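Down below is the structure, laid out as structure tokens.
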Amino acid sequence: MTARSTGFDPAGVTTLLCDADGTLFPSEEPAYAASADVTNRFLAELGAERPYSPAELQSMTNGKNFRAAAQELARGYGRDLAAGDLEHWVAEEKDVVTAHLRTVLREDPAVRDPLARLAEGFALAAVTSSASSRLDACLDVTGLAGFFGAGRRYSAEDSLPEPTSKPDPAVYVHALKDLGITPDEAVAVEDSINGALSAVAAGVRTIGTVQFVPEQERQARTEALREAGAFAVVSSWEEVEQLLART
């Protein structure tokens, strides 16, 4: 896939805005595996009749952070969470998942090497729904921290005046403003539907990626990412590099 084949012109792009979970590293499945116990205890307090598997929870909330997922699940049971209760669950889930991801994620040359080449021509920033501490831990253990300086990491949980989550475009709008760039100067890379919706709503041209999506789910995810507004869907960071090549 090339920029020409998609009708995309990378000439004015200065900055690559990278989602983190499921985009820079394969953290979605292990994160939901670690989160399931916390989430199911939370759901039991709401009155859930049975526990949910990690896969079920992922299908229900993919692309959202735990805060947004918890609030949505509570509304489904006709409950409004007290602020203190919500913060308790958010903090517990963050700590459990971050500790688990530190043990399972590894460096991946298929991500690191294309990113290193992209960093020669573009500024890189991370834009995630996850908490900053989780993002920092994942970047550290995957060897990607050097590509995303402390001032180029944006969390919908921690970087905004009021925590939110994708698909709300607030975190992308904030990142653009903080970086001092217009949407036309940026391209986002997103693996989830909610992530793509967030970037597109902020006016940022978006590449969907299925690199870490299970093979049996890739066709459906590809179609959904296109429906969400992605102008291209790729299966590797090398393909992202090809799309952004300036000829």
Side-chain angles (χ1 to χ4, degrees), residues 1-3 5-6 8 10 13-34 54 58 62-63 97-155 175 186-192 195-196 199 204-219 221-222 225 230-247:
M1 184 183 297
T2 64
S5 68
T6 64
F8 165 67
V13 177
T14 65
T15 306
L16 192 57
L17 304 177
C18 307
D19 173 54
D21 296 297
T23 298
L24 291 173
F25 26 75
S27 54
E28 295 281 10
E29 283 72 23
Y32 277 98
Q58 184 172 0
N62 190 243
V97 172
T98 300
H100 182 62
L101 291 177
R102 279 192 177 276
T103 69
V104 299
L105 294 181
R106 298 289 185 271
E107 292 190 24
D108 184 351
V111 177
R112 184 193 62 227
D113 294 350
L115 272 181
R117 293 188 293 268
L118 284 164
E120 295 176 0
F122 301 93
L124 304 183
V127 183
T128 180
S129 282
S130 296
S132 294
S133 58
R134 171 171 161 176
L135 173 62
D136 293 348
C138 291
L139 290 174
D140 286 343
V141 297
T142 55
L144 302 178
F147 298 123
F148 302 93
R152 290 181 171 270
R153 301 179 187 183
Y154 300 97
S155 161
V187 166
V189 184
E190 283 278 359
D191 74 298
S192 73
V204 180
R205 290 166 293 181
T206 302
I207 300 170
T209 177
V210 295
Q211 180 166 352
F212 297 120
V213 175
E215 186 66 36
Q216 68 274 17
E217 299 174 17
R218 286 190 174 188
Q219 182 175 347
R221 181 71 64 86
T222 296
L225 285 166
F231 71 84
V233 180
V234 302
S235 58
S236 71
W237 273 97
E238 284 193 355
E239 289 184 60
V240 175
E241 186 182 4
Q242 293 167 9
L243 279 171
L244 293 171
R246 297 186 176 104
T247 56

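Bear in mind the structure is a predicted one, so any value in this text is a computation, not a measurement.
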Test side-chain contact (heavy atoms from CB on, under 4.5 Å) on Leu243 and Val187 and set out the steps. CA-CA 11 Å; Leu243 279 171; Val187 166; over 6 Å; no

Of the non-hydrogen atoms in Ser192 and Leu225, which two are nearest, and what is the gap between them? O-CD2, 3.6 Å

Side chain of Thr23, backbone of Asp191: donor and acceptor closer than 3.5 Å? yes

Euclidean distance, Leu24 CG relative to Trp237 CH2, rounded to 0.5 Å: 5.5 Å

For the student: nearest non-hydrogen atoms of Ala175 and Val127, plus distance: CB-CG2, 4.1 Å

Between the CG atom in Asp136 and the CZ atom in Phe148, the distance rounded to the nearest 0.5 Å is 12.0 Å

So does Glu215 pair up with Arg218, basic N to acidic O under 4.0 Å? yes

Is it the case that atom CD in Gln219 sees more than 12 heavy atoms from other parts of the structure closer than 6.0 Å? no

Using a 4.5 Å cut-off on heavy atoms from C-beta on, say whether the side chain of Ser130 contacts that of Leu135. no

Considering non-hydrogen atoms only, spot the tightest contact between Leu101 and Ala31 and give its length. CD2-N, 4.0 Å

Flag side-chain contact, heavy atom, 4.5 Å: Asp108 against Arg112: no

When every non-hydrogen atom of Leu118 is compared with those of Val240, the smallest separation belongs to CD1-CG1, 4.3 Å

Where is the tightest heavy-atom contact between Gln211 and Ser236, given as atom of each residue plus distance? OE1-CA, 3.3 Å

Using modelled atom types and a 3.5 Å cut-off, is there a donor and acceptor pairing between side-chain atoms of Arg153 and backbone atoms of Ala145? yes

Taking all non-hydrogen atoms of both residues into account, name the closest pair between Phe25 and Cys138 and its distance. CZ-CB, 3.3 Å

Quick one: pull up OG in Ser27 and OH in Tyr32 and give me the separation to the nearest 0.5 Å. 10.0 Å

CZ of Arg102 to CZ of Arg134: how many Å apart, nearest 0.5 Å? 12.5 Å

Evaluate the criterion side-chain contact (heavy atoms from CB on, under 4.5 Å) for residue pair His100 and Thr103; output intermediate values, then yes/no. CA-CA 5 Å; His100 182 62; Thr103 69; 4.0 Å; yes

Do Leu105 and Pro26 make a side-chain contact, defined as non-hydrogen atoms from C-beta onward lying under 4.5 Å apart? yes

The reported gap from SG in Cys18 to CD1 in Ile207 (rounded to nearest 0.5 angstrom) is 9.5 Å

Non-hydrogen side-chain atoms of Arg152 and Phe147 separated by less than 4.5 Å: no

Point-to-point distance, once rounded to the nearest 0.5 Å, from CZ of Arg106 to OG1 of Thr142: 11.0 Å

